[in-house]
Structure formats: C-alpha cells, structure tokens
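Numbers restart at 1 for each chain; the letters A, B, ... are given by sequence-line order, proteins then strands.
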Protein chains: 2
Amino acid sequence: MSTRTAAQQISSATGYMLLRLGDLARERIERELRRWEISGKELRVLGYAHERELAQRDLCELCGMDRTTMVSVVDKLERLGYASRARSDVDRRKHLVVLTGRGRQVVEEALAHMAEVEAAFLATLDPAERRQLNDMIARLYVANDPARSASP
Amino acid sequence: MSTRTAAQQISSATGYMLLRLGDLARERIERELRRWEISGKELRVLGYAHERELAQRDLCELCGMDRTTMVSVVDKLERLGYASRARSDVDRRKHLVVLTGRGRQVVEEALAHMAEVEAAFLATLDPAERRQLNDMIARLYVANDPARSASP
DNA sequence: TATTGTTATACTCTATAACTATA
DNA sequence: TATAGTTATAGAGTATAACAATA
C-alpha cells in the first residue's frame with residue numbers, strides 16, 4: 001500500500017502533470033498570440049489556408065473543427081482583414097478561404113514568434129533532452145491517438 | 001528560410017504537440033473516470049478531502065477553483081453519496097467536506113485504476129524513458145509556471 | 001437526394017455580482 | 001467590516017437542428 005496521500009498520488013502522476021503542462025503551453029500560446037488578436041485555433045486555420053486555397057469544409061477536417069465553429073472563425077479572420085471568402089468556380093457551394101497580404105504577414109510573424117517562445121519554454125532542457133522530449137511526445141501521441149486506433 | 005509549410009511548422013512544434021498530448025491525456029482521464037460518474041476536477045477535490053476535513057474555501061485554493069464552481073462540485077459529490085457537508089464547530093460559516101465510506105472507496109478504486117491507465121498510456125516508453133519524461137515535465141512545469149514567477 | 005455554408009438555439013464550463021449567515 | 005457559502009446571471013466555447021443554395 002502507498003504511503004502517499006491521495007492528493008499526492010494525483011499531483012505526482014505523469015498523466016496529470018502532462019495535462020497541466022499542456023495547459024501551461026496552451027495558456028502561453030494563447031497569451032502570445034493576442035498581439036495579432038488571434039487564438040491558437042485561428043492560427044491553425046490561417047496556417048492551413050496559407051499554402052493552398054481550401055474550402056471551409058476542408059479546413060474543418062484538417063483542424064478537427066465543427067463547420068458552425070468554422071463559420072465564426074472565418075467571420076473573425078475576415079473582420080480582422082486576414083482572410084476573405086471566395087466562391088469556388090468549380091463548385092459554387094464552396095467558400096474558399098483566401099488569405100490577404102496582411103494575413104500572410106501575420107502567419108509568418110506569428111510562427112517566427114512562436115518559435116522564440118517555444119525556445120524559451122524549453123530553455124531548461126539541453127538540446128539532447130529537447131530532441132528526446134520531442135521524440136517521446138510524438139511516440140506517445142501516435143500510441144494513444146483514438147483516431148488512429150479507431151476500427152479502420 | 002524554412003522549406004516547411006506553415007501548417008507543417010505548427011503541427012511539428014514541440015509546444016503544440018505537448019498541448020495536444022495533454023488534451024489526449026485529459027480526454028483519457030475523463031473517459032476512464034466516467035465509471036464513477038466523476039470528472040478529473042471532482043477526483044482532485046475528493047483526493048484533497050480524503051485525508052483531512054477541509055472547508056470548501058480551502059479546497060478552492062488547493063484546486064485552483066472558484067468558490068461558485070466548488071458549490072456545484074460539492075453538490076454533485078453529495079448527490080452521488082461520495083461526500084457530505086458538515087458545519088465547522090470552530091467557525092460556523094465554514095462547510096467542511098467530509099467523505100462518506102463510499103467516497104473513500106471511490107477515491108481508492110479510481111486512483112488504482114488511473115495508475116493502470118497511466119501505465120498503458122506510457123507503455124510505448126521503456127522505464128528509463130518514463131523516468132526521463134517525468135523529470136523533464138516536472139522541470140518544464142516549474143520553469144514555466146506563471147504562479148511561481150509572479151512577483152513574490 | 002446529398003453537400004456546403006449559415007443561422008438560431010442549446011449546452012457545458014466557468015466566472016462575476018448580489019445576497020445570507022456568521023465572524 | 002470581512003469572510004464563507006449560496007444563488008442568479010452572464011460570458012466563452014462548442015455543438016445540434018433547421019434552413020438556403022447548389023450539386
């Protein structure tokens with residue numbers, strides 16, 4: 001039997017620490033992106049729309065987002081002048097999300113900044129540890145992603 | 001300049017992978033706790049109340065939770081028969097949260113189960129890697145916790 | 001008939017403000 | 001006057017259902 005209290009068992013569990021560290025990373029990312037008035041979710045949409053012209057429906061699949069949520073995301077990106085909707089000539093039901101020049105600039109600035117923030121976040125680890133961490137996280141994600149293990 | 005697309009840069013960032021892995025851990029934890037009809041948040045409250053009789057206000061501080069949120073948590077724990085409120089004799093404003101026998105049983109069952117789930121979650125890592133991961137997560141949390149760096 | 005996008009609506013989670021009772 | 005707890009309410013964030021336009 002354990003000599004630790006229930007609260008200690010919870011606080012020291014790797015799974016719970018992982019969850020809390022993930023929250024810390026999220027909070028940091030969201031805070032840093034405020035200077036461009038966007039959330040992490042919105043940056044992800046901008047990132048996918050940066051290279052190719054994609055319909056809202058495609059962005060929903062890529063970002064794992066509901067189509068009604070996507071409507072409000074694209075509304076906001078239009079309001080900020082980062083993107084605009086363009087009806088597809090091929091299929092007029094589709095609204096392609098096209099980044100503006102400012103939108104492209106925001107993606108590039110934000111990604112450069114996030115790389116700096118990440119370096120600061122990981123500064124307590126040496127380069128070898130950072131590689132190990134990245135590798136372990138990737139393996140854990142693949143091993144535990146319900147989407148991958150869902151009956152194919 | 002980078003040869004990777006913006007979307008690739010986002011997806012491969014350690015910070016973002018960490019955030020998503022944390023979400024995966026949270027989803028797994030919440031799913032596994034459903035068999036006792038509780039959330040991770042509620043298990044944390046049960047865990048702290050397991051050893052000592054604490055007032056709702058104390059539990060709020062320990063769990064980083066608002067007092068209005070705590071009211072609904074304790075309401076639910078009472079409804080499930082896992083805890084009950086007892087007015088403090090010392091300070092009759094305070095409601096001590098006292099676990100029932102069933103509540104104690106739930107804490108012990110749930111913690112034992114979560115240890116199994118965690119082992120499965122980390123199964124892709126060997127024991128040395130698991131220790132390294134735990135150590136790195138703890139260091140990253142301390143280094144990046146806003147609560148610790150907030151002007152003392 | 002199915003799909004894309006939109007709107008209106010509801011639901012969950014959490015926090016703010018106002019209140020009661022105790023100190 | 002301040003604190004512990006409660007209630008009512010509001011605010012994000014997201015999802016469901018019904019609808020319009022198009023295929």
Side-chain angles (χ1 to χ4, degrees), chain A residues 19-20 22-24 26-27 29-31 33-34 37-45 48-49 52-80 83-98 146-147, chain B residues 19-20 22-24 26-27 29-31 33-34 37-45 48-49 52-80 83-98 146-147:
Chain A
L19 177 164
R20 290 195 309 165
D23 285 346
L24 229 51
R26 168 180 285 111
E27 286 156 21
I29 289 168
E30 301 295 347
R31 180 154 31 101
L33 289 176
R34 274 187 213 138
E37 299 178 76
I38 57 173
S39 65
K41 180 180 70 185
E42 288 146 9
L43 178 59
R44 228 173 328 134
V45 171
Y48 279 111
R52 289 191 294 149
E53 287 183 356
L54 294 163
Q56 292 182 201
R57 138 98 218 205
D58 304 319
L59 290 166
C60 285
E61 282 199 357
L62 290 165
C63 299
M65 209 176 285
D66 189 86
R67 58 190 176 154
T68 63
T69 304
M70 186 59 67
V71 170
S72 58
V73 168
V74 179
D75 281 351
K76 181 175 167 187
L77 296 177
E78 276 197 323
R79 203 172 343 111
L80 288 166
S84 63
R85 287 171 165 98
R87 286 196 103 91
S88 164
D89 291 333
V90 187
D91 183 343
R92 291 186 51 73
R93 291 173 301 182
K94 298 196 174 186
H95 288 185
L96 303 176
V97 177
V98 184
Chain B
L19 177 164
R20 288 196 309 166
D23 285 346
L24 229 52
R26 167 179 286 110
E27 285 156 22
I29 289 168
E30 301 295 347
R31 180 156 29 101
L33 289 176
R34 273 187 215 138
E37 297 178 79
I38 56 173
S39 65
K41 180 180 73 186
E42 287 145 9
L43 177 60
R44 231 175 326 134
V45 171
Y48 279 111
R52 290 191 294 149
E53 286 183 356
L54 293 164
Q56 291 182 201
R57 138 100 219 204
D58 304 320
L59 290 166
C60 285
E61 283 198 358
L62 290 165
C63 299
M65 208 176 285
D66 190 85
R67 58 190 176 152
T68 63
T69 306
M70 186 58 68
V71 169
S72 59
V73 168
V74 179
D75 282 350
K76 182 175 167 186
L77 296 178
E78 275 196 324
R79 202 173 344 110
L80 288 167
S84 63
R85 287 170 166 98
R87 286 196 103 91
S88 163
D89 291 334
V90 187
D91 183 341
R92 292 187 50 74
R93 289 173 304 183
K94 296 195 176 186
H95 289 184
L96 302 176
V97 177
V98 184

**Prompt:** Which heavy atom in A/Ile38 sits nearest to a heavy atom in A/Glu42, and how many Å separate them?
**Reply:** CA-OE1, 3.3 Å

**Prompt:** Just wondering, more than 12 heavy atoms not from B/Arg52 lying within 6.0 Å of its CZ?
**Reply:** no

**Atom-pair distance (NE2 on A/His95; P on C/dT3), nearest Å** = 18 Å

**Item:** Within residues 62-76 of chain A, residues whose heavy atoms come under 4.0 Å of DNA chain C
**Value:** A/Arg67, A/Thr68, A/Val71

**Request:** Tell me, yes or no, whether the heavy-atom count around A/Arg31 atom CZ, taken from other residues, nucleotides or ligands under 6.0 Å, exceeds 12.
**Result:** yes

**Asked** Rounding to a whole Å, what distance do you find between A/Arg92:CZ and C/dT6:P?
**Response** 14 Å

**Request:** Look at the side chain of A/Glu27 and the backbone N and O of A/Leu24, then say whether any donor-acceptor pair between them is shorter than 3.5 Å.
**Result:** no

**Asked** Roughly how far, to the nearest 0.5 Å, is the NZ atom of B/Lys41 from the CZ atom of B/Arg44?
**Response** 8.5 Å

**Asked** Of A/Arg93 and A/Gln56, whose nearest nucleotide on DNA chain C comes first from the 5' end?
**Response** A/Arg93

**Prompt:** Between C/dA15 atom P and B/Lys41 atom NZ, what is the distance in whole Å?
**Reply:** 9 Å

**Asked** Where each residue is assigned the nucleotide of DNA chain D containing its nearest heavy atom, which of A/Asp89 and B/Cys60 is assigned the position nearer the 5′ end?
**Response** B/Cys60

**Message:** I'd like to know if B/Arg26 and A/Asp23 make a salt bridge, using a cut-off of under 4.0 Å between side-chain N and carboxylate O.
**Reply:** yes

**Electrostatic pair B/Arg57:B/Asp91 at N-O distance under 4.0 angstrom** = no

**Item:** Separation of atom CD in A/Glu78 from atom P in C/dG5, rounded to whole Å
**Value:** 13 Å

**Asked** Salt bridge between A/Lys94 and A/Asp89, side-chain N to carboxylate O under 4.0 Å?
**Response** no

**Prompt:** Which nucleotide of DNA chain D is the first, and which the last, in the 5' to 3' direction, to come under 4.0 Å of a heavy atom belonging to chain A?
**Reply:** D/dT14 to D/dA23

**Asked** Over how many whole Å does the gap from A/Lys94 atom NZ to C/dG5 atom P extend?
**Response** 7 Å

